[in-house]
Structure formats: structure tokens, C-alpha cells
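Predicted model only: the values in this text are computed from it and were never measured.
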There are 2 protein chains.
Amino acid sequence: MPEHISEDSVGLVTPQKIHFNQPLELESGHTLPSYDLLYESYGTLSAERTNAILICHALSGNHHAAGYHSMEDRKPGWWETAIGPGKPIDTNRFFVVCPNNLGGCDGSTGPTSTNPETGRPYGPDFPIVTVGDWVKSQARLADELGIDSWGAVIGASLGGMQVLQWSITFPQRIQHAIVIAAASKLTAQNIAFNEVARQAIRTDPDFHEGRYLEHDMLPERGLRLARMLGHITYLSDESMGAKFGRELREGKLNYGYEVEFQVESYLRYQADSFVGKFDANTYLLMTKALDYFDPARAHGDDLGEALRKVSAKFCVISFTSDWRFSPQRSRDLVRALLDNDLNVSYAEITAHQGHDAFLMPIPHYLDIFHAYMERITVYPLPGLPAIEES
Amino acid sequence: MPEHISEDSVGLVTPQKIHFNQPLELESGHTLPSYDLLYESYGTLSAERTNAILICHALSGNHHAAGYHSMEDRKPGWWETAIGPGKPIDTNRFFVVCPNNLGGCDGSTGPTSTNPETGRPYGPDFPIVTVGDWVKSQARLADELGIDSWGAVIGASLGGMQVLQWSITFPQRIQHAIVIAAASKLTAQNIAFNEVARQAIRTDPDFHEGRYLEHDMLPERGLRLARMLGHITYLSDESMGAKFGRELREGKLNYGYEVEFQVESYLRYQADSFVGKFDANTYLLMTKALDYFDPARAHGDDLGEALRKVSAKFCVISFTSDWRFSPQRSRDLVRALLDNDLNVSYAEITAHQGHDAFLMPIPHYLDIFHAYMERITVYPLPGLPAIEES
């Protein structure tokens, strides 16, 4: 392993692509005739194929959850804190799969892909996909990989919603569901923030009704605003205070509109670095998937009823300072799971980092996560002999 | 009184304008050679001129705090709940003055006014004004009205900051300071929200570096976004939930980007109705005044030290669900006031309405506010005989 890559990293990784020819019927009523899913995997699939873990990513995440793509990469994948040898998602034990979601902009088919019907980028013609659609597409990926049942499906934020949907749609194909910093549905406030972000993007004159790529443009202003706003909701008031306080960049007030407070500088930097990397149409459809997710809706707003056929064991984790998906939302989920006599572990981690805490190296959090993952015995599939864990 | 105007309203009111020829030196170092202040007053100034109350408005407020401008007005002034005969700010007892702040867009000199040096609208050339500048300009208004000392200075949010500044700058000219839903300084998160709003306005192509009026344009997109975002921070998650929940406008999902959830409709409506009424440059400078306010800064971040010369009696009110200016910020202020052995009443009102609660007819809040105001005896000025309240 090269020097700057630490021993507990999965190291160099190469994404894989699978093409799916079978049309995918979406909840919106549209059908996607064919599509690609790009994914990464870490660790080794056991002969019995029972040690597989699926990682579901959040709004701005992708398939690159751990390791490095090249020796020149300065940053590892987005969940390097949790995935690797000896880490909570231990690649010495598990075969870990992380796809880029359908509709994404990092290699799986999405708005920046070429629409086979027109030869031009899909852009706004890419259909809105839902959490349910993602789970369906991920199940096909599992089929292709020969994985009948995931040892665990794991995700945080929007990723946690996919985990919950997995437990509902495919109860026999998921042994453990690990739902971190998530909720069973957005609140009106969450939807409101998403709506402001969407309005920022869609009213940018460079958006061109979503066909900006054909105009050789990007709705940079709108995407910058959306990202700045997102960042505020990912952090807590307390963590922003601890990080930036009211510190002035130049030590004095300038009575103008250039950056004065350090927090302004941080937001602008985050926005700038996002704009070149993320597609605006993908941002729009990801926020829609968030808004729509609400498994209880079809059951008279009774979440317990929506979870009736669930059989997975659950680990639910929340963070005290997360005001985007507050601990109360996790407690509501835990309550509905317990009402169904399910096996649930719940940890509410004291952390000042806000929603972003799920990405952070917080020892108490990673220890609990690790302990839960160690309890996962890799179940034999029906008809196969039991495998004993050392 | 006409039928649709209730008995406890001040009724029809007419704003007054005063021109100030004495140049005003601003904290930024700029000087405003002359300016107008538009204000309203309700009630009667006593012969001793000791029953005067100053109302300081918040970000999007103005001088029209109570009553109606014409029989056709559908809505009264912004603080009709608190100002009027028999209300907490009882116009049977008090002479109530509410100016539009300098830099505003409703009649006092501001960015939309004509710059006498160029004959064109000030636009971005209107200097950034601070809470301290406002207080100085309001003191000159008091001079013009022959008011040596206010019985009380009252304000909520950014208005509460002006009240606090009054108690620091002119300790002899303020008997009671009533600070509602405010803070002695913004947090990094507050500044961050303001910065996103400013970026939305300033990056709107129709902003034209602030000279949009000369281009016969308005940065509508930016101002709409700023207002939507503001509204989210004025309400609580709980009150948005109670008001809108996840209710769908058409009862079903449409899988598109038109309004689907009621909360989206509300935000767009609020944004649309704001755009024609409020000036974008004023919005920018108001947010700057908020960011800058921090009386403790000049005293080594020691708020107690900053309040050393304060002598006013204080009433501080906060609302449990206000996450923009949380009760903790009010408690910090109360602590610093008590450290100076000042007379302080503090009420933390249980309310789900968020920051906007200060505008709402919440009985417990108005009762406490009323009770405090009744305790205000209208002090005689030094050298004048005492006036007995009935």
C-alpha cells in the first residue's frame, strides 16, 4: 500500500458498470427502457454469497464510498470513516457494494446521459425517480451479482430512506437494516428548504428549462445557492459557531458585500467546489425523491402498518444536534418498528456536528456502529449449511 | 369608526415626514448629508412629553405599525396585535412613534431615494447603515418631537437590537427597554442564512450591481429566494407542520416541478407578494445591519461590560420554538443585564409559532406584555413635578 494511503483503507478501487436491458417501470408511470448502474465493491464475496452489504448514498453522494481511484487522489471516498479493514463496515468480513443511484451524475444513467431516443442528453426528460425505484434497481444489481439477500443494507440521510424501503419491499432479501440520521418522511420545513433550492436552480436564466448542457451552460448561480443552503442544514448552529463563530476574515468590518465573516467564505468555497462536480437536474430529482418518500402514506399515515411485513433486524442511529432529521424522527421510526415486534437497536449519539455527524470520525458513534456490525452473523441462505463466524 | 375597523384599533393614520439637514456621520465612515424620516404616531403626547414610546421595526417592517391608511386597506399595520386602545402598547396612555428606518424603502431616505449628488436613485451607493446609526437617527427624531426621554423603546427581532443599542448609547433617554425575540448578536448560522439571501439577490442577472432601477428592472428571482428562505426561518418546523404538514395541493403526486405540497404554494405566494413591495438593496443592507450588530465586540466579547452604563429597566421576552433567535440568546442577554444589577423581567413564552410568534395574538404573551406596560409609570423629567398615574 502506498505511503499516504493508510492501512485501514480499502486502497485503490475501480468502479464497475453493469448495463440493464430489462425496462424499469417507475412509480411515476414512466418506463426507462434500459440503463447503466456504476458501482464499487470492497472486500470479497464469500462462496455462499451471504456476506454482502449494500451501501445506499445520500443526496450528493455517489458510488465512491471508500478508497482511492488513483495514487493522485487527495481525498478518499465519502464514507472512508466507516468502510475498510477493521472499521464498522469491515471489508475483511464483508463484501461491500455501493452503486451510484439511477438519476445520478457520476456514471449511472441520469440526466447527463445520452437519451437513446434523441441522441441528446436526457436533461429534464429524465424521469423523476423515487426511493422505491432506486430499491428496485438495486435489487436487479443484486440479482446480477448473485446476491439473494444482503447481510445488511446501510445508509444515512436519503440513504437511510432507501434502507427502510428495502426492508418493506424485499423483506426476504435484507437481514439487517441500518438507518442513520434519517426519517420515514420529510417535514414541511424539510420540503420547504428543498423547494427553495429547486427554485434557485430552476429560475437561474442559465437553466434553460433543464437543457443547459445543450446550450453549453450550467445554472451555476442556482446550484451554488442550493449547495450553500444545503450546507447550512447539514451543520448545526453549534458546530457552525464552534467552527466559525463571528470571526472576521480580515479582522475588521468593511461595510461592503465582499466576504467579511469566515462563515461566508466557507459557504462560498463549498458552493464553488460543488458547481463543477454535480449536475443540477440530478440535484432537482434527488430533492424530489426526498420529498416523496413517505411509506406510511399508502397506509393512512400509519407507519406501523406500512412496516407490517418487515422482518429485518434494525439498527437506528441519530445525532442530538441534527435538526435536519432530528432524533425525534428516528424515535418515531423506532416506535413503529417496535410496534411490529421487530428487533431494534437504537442509539442517540451526543454530537454537535449536526446532520453531517454521520460522516464524521466520532468515536462513540463508530464504536456503536462497529459493535452492531460485529453482531451480524452472516446467515446461511435456506438450504445451505450454516457458516460459523470466528 | 367605520365598521370593519375594530374598536381597539388606532383607526385611520397618516404618516408624517421630517427632513433632517444636519449631516449624519455613519459608523462606516460615510456621511449622509441630509435625509428624511417617515414615521407614524398614535395616541397623544402629554404636556410633560414623558409618555412617548418608540417602536423599532425589524427587517421587512416599516413605520406603519398600527391602524389603516385608508378605508380601502384590507390589512392594518404590522403590529396591530400589540398597539391600540387597551392593548399592551396602550394608545390611551402612550404616545407611540414608529419611524421607517434609514435605508428603508417605505418613505425614509434609502437606496430607492434620489441621490442629490447625482440626481439618480442611490441604489448601491446608499451607504451601509448599522443599528447604531439607526439609533442616532432616531434620537434626532426624538429631538424634533421634543422628546427628551422615551418612556419605553420597544422592538422585536432586529427591532430588539435597536432597543438594546438605545439603552447603551442613550442611557438617560430610555426608561424601559422591551426586547422581544432578539439577541445581542447573530450566530454563524444566522449570518450564513443572510449570506445565502444576499448571494441570491446579488447574483441575479437583473441586479445590475444594484443599479436595477436605472435599468428599469428588479432582481425578482433573487428577492423571491431571499424571502422564501427568510420565511422558513421565521416559522418553526412544528408550526409549518401544523399549518401545511405534507398536504398535497392536488391530493396526488404529479412527479414534476410544479407545486405539489401546500408548503411550496405558501412559499411561492409569500415570495410573489414581497417582490413588488420591498427593495432589494434595502434587503441587503438590513441583513448587513443584523450581521454587524454585536455591542460586546468592542468590549472583548464581554456583553456585561458593554452594558456597564445601561440604566433602563428591561423586559425581555422569547418564544420556545424560535430557532432564529432562540430563548438561550435571550437568557444570555438577561444574564448580562443581571450581572450589571439591572432591573430585568424575563418571560419565555411557550409557543409553537417560531420567530414570527412576536406578531401573533398569543394570549399569554400579550398578557405578560400588557402587565409589564401597565407597570410603566410615566416618569417626570428631572426638574418637572411628578405626574401621578390614575
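A donor-acceptor distance shorter than 3.5 angstrom exists from the side chain of A:Tyr257 to the backbone of B:Leu285, with no hydrogens or angles considered. One N or O on the side chain of B:Arg246 and one on the backbone of A:Leu186 form a donor-acceptor pair closer than 3.5 Å.
Contact count against chain A (heavy-atom pairs under 4.5 Å) is highest for B:Ile232 among B:Asn194, B:Ile232, B:Val196, B:Leu253. Ranked by heavy-atom pairs shorter than 4.5 Å toward chain A, the options B:Gly245, B:Pro205, B:Gly222 are led by B:Pro205. The most heavy-atom pairs under 4.5 Å with chain A, out of B:Ser326, B:Pro127, B:Ala192, B:Ala271, come from B:Ala192. No other option in B:Met228, B:Arg224, B:Glu260 has as many heavy-atom pairs under 4.5 Å with chain A as B:Glu260. For the options A:Met240, A:His30, A:Glu264, heavy-atom pairs under 4.5 Å to chain B are most numerous at A:Glu264. Per-residue counts of heavy-atom pairs under 4.5 Å with chain A were compared for B:Gln262, B:Arg202, B:Glu220; the largest is that of B:Arg202. For the set B:Thr187, B:Asp204, B:Leu229, B:Ile191, the entry with the most heavy-atom pairs within less than 4.5 Å of chain A is B:Ile191.
Taking the six-membered ring for Trp and thresholds of 30 and 60 degrees, A:Tyr255 and B:Tyr292 have ring planes more than 60 degrees apart, a perpendicular arrangement.
At a 4.5 Å heavy-atom cutoff, B:Ser239 makes no contact with chain A through either its backbone or its side chain. If you measure heavy-atom distances from B:Lys185 to chain A, the contacts under 4.5 Å come from both the backbone and the side chain. In this structure, the portions of A:Asp291 lying under 4.5 Å from any heavy atom of chain B include both its backbone and its side chain. Contact of B:Asp206 with chain A is not made at all, since no heavy-atom distance falls under 4.5 Å.
Closest approach of A:Gln189 to B:Asp237, counting heavy atoms only: CB-OD1, 3.3 Å.
Atoms CZ and CZ, on A:Arg221 and B:Arg221 in that order, are 7.5 Å from each other to the nearest 0.5 Å.
Around atom CD of A:Glu25, no more than 12 heavy atoms belonging to other residues, nucleotides or ligands sit under 6.0 Å away. Remark: A:Arg335 CZ is loosely packed, at most 12 non-hydrogen atoms of other residues, nucleotides or ligands lying under 6.0 Å away.
Using a 4.5 Å cut-off on side-chain heavy atoms (C-beta onward), A:Glu195 and B:Arg268 make contact.
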